[in-house]
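Computed from heavy atoms alone, side chains included, the values below leave out hydrogens, waters and symmetry copies. Below, read A as the first sequence line, B as the second, and so on, with proteins coming before strands; counting in each chain starts at 1.
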Amino acid sequence: MENRKKLPNFVDLDLLVFRIGELSRMTGISSRQLRYWEQRGYISAMDREDEHKARLYNFHTLIQVLIISRLLDEGYRLPSAVEKMHDMVKKMSITREFFTRAFQGIEVDGDTVKMNLGYFDDAHTQTLYGLNEDGHIRYEVEPAHPEQ
DNA sequence: GTTCTAACA
DNA sequence: TGTTAGAA
C-alpha cells in the first residue's frame, strides 16, 4: 500500500492526560470502577513509574471509557460493552483513514459547501465532490483538473 | 485535597 | 460496586 507524506497533527492529543478523579468526573464512572476495569484488563492507564503512584490516563482511554459508559447505559453488560467498544474504535479508525485519504479540500459559497473527495476513478480523469446544501448531501462527478 | 491498596459490606 | 481505613 502506498503511503503518502504524513502531515503533522495540528493538535497533539498526547498532551491530554487525566488523573483518575478527572476521568471519573468526565465519564460518570467511579474511581472504584476505573481501577476494577483496569484490573480486569478492560482499560489501561499509562505506564506508572511504580505502584502506589497515581494513575494517569490518556485521551484514547477517555474515549474508550466514554463509549463503554454509553453502552452500559444502553443495557450492555460490561464484558459485551468492552467488546463492542473495541469493534467501534476499530471501525472508526478505518473510517477516518478512508476519509483522510479522500479529502482534498473544501469550498464554501454562501450556504453551499462543496467538498473535494479525490479522484473518482483509477485513471484519475474524474473527481468526486460532496455537496451540502441546507442539510442535504448529494454527490457530483466532474472531470479532474490536470494538477490536483 | 487526591489517590493508593486492601478489606469488608 | 460502594465505602472505609491508613499511608503516601
Novice: To the nearest angstrom, how far is R40(A) atom CZ from dT1(C) atom P?
Specialist: 10 Å
Novice: Flag the pair V89(A) / H60(A) as yes when at least one side-chain heavy-atom distance between them is below 4.5 Å, and no otherwise.
Specialist: yes
Novice: Tell me, do W37(A) and I29(A) make a side-chain contact under 4.5 Å, heavy atoms counted?
Specialist: yes
Novice: CG of N116(A) to OH of Y129(A): how many Å apart, nearest 0.5 Å?
Specialist: 4.5 Å
Novice: Any base atoms under 4.0 Å from S31(A), or only sugar-phosphate, or nothing? Heavy atoms, all strands.
Specialist: nothing
Novice: I'd like to know if the side chain of S30(A) pairs up with that of Q33(A) as donor and acceptor (distance under 3.5 Å, no hydrogens or angles considered).
Specialist: yes
Novice: Taking M85(A) as the fixed residue, which of I63(A), I43(A), I68(A) is the one that meets the side chain to side chain contact (heavy atoms under 4.5 Å, CB included) rule?
Specialist: I68(A)
Novice: Looking at side-chain heavy atoms only, is the closest gap between V141(A) and T127(A) below 4.5 Å?
Specialist: no
Novice: Please give, in whole Å, the distance from dT3(C) C1' to L34(A) CG?
Specialist: 16 Å
Novice: Are any non-hydrogen side-chain atoms of F18(A) and L16(A) less than 4.5 angstrom apart?
Specialist: yes
Novice: Could you check how far CH2 of W37(A) sits from C1' of dG2(C), rounded to whole Å?
Specialist: 15 Å
Novice: Within the 3.5 Å criterion, strictly below it, is a donor on Y36(A) or R40(A) matched to an acceptor on the partner's side chain?
Specialist: yes
Novice: If you restrict it to nitrogen or oxygen atoms, what contacts under 3.5 Å exist between nucleotides 5-9 of chain B and the protein, and what is each distance?
Specialist:
| unit_1 | atom_1 | unit_2 | atom_2 | d |
| --- | --- | --- | --- | --- |
| dT5(B) | OP1 | R48(A) | NH2 | 3.3 |
| dT5(B) | OP2 | R55(A) | NH2 | 2.1 |

Novice: Does any residue of residues 56-83 of chain A have a heavy atom under 4.0 Å from DNA chain B, and if so, which ones, in number order?
Specialist: none
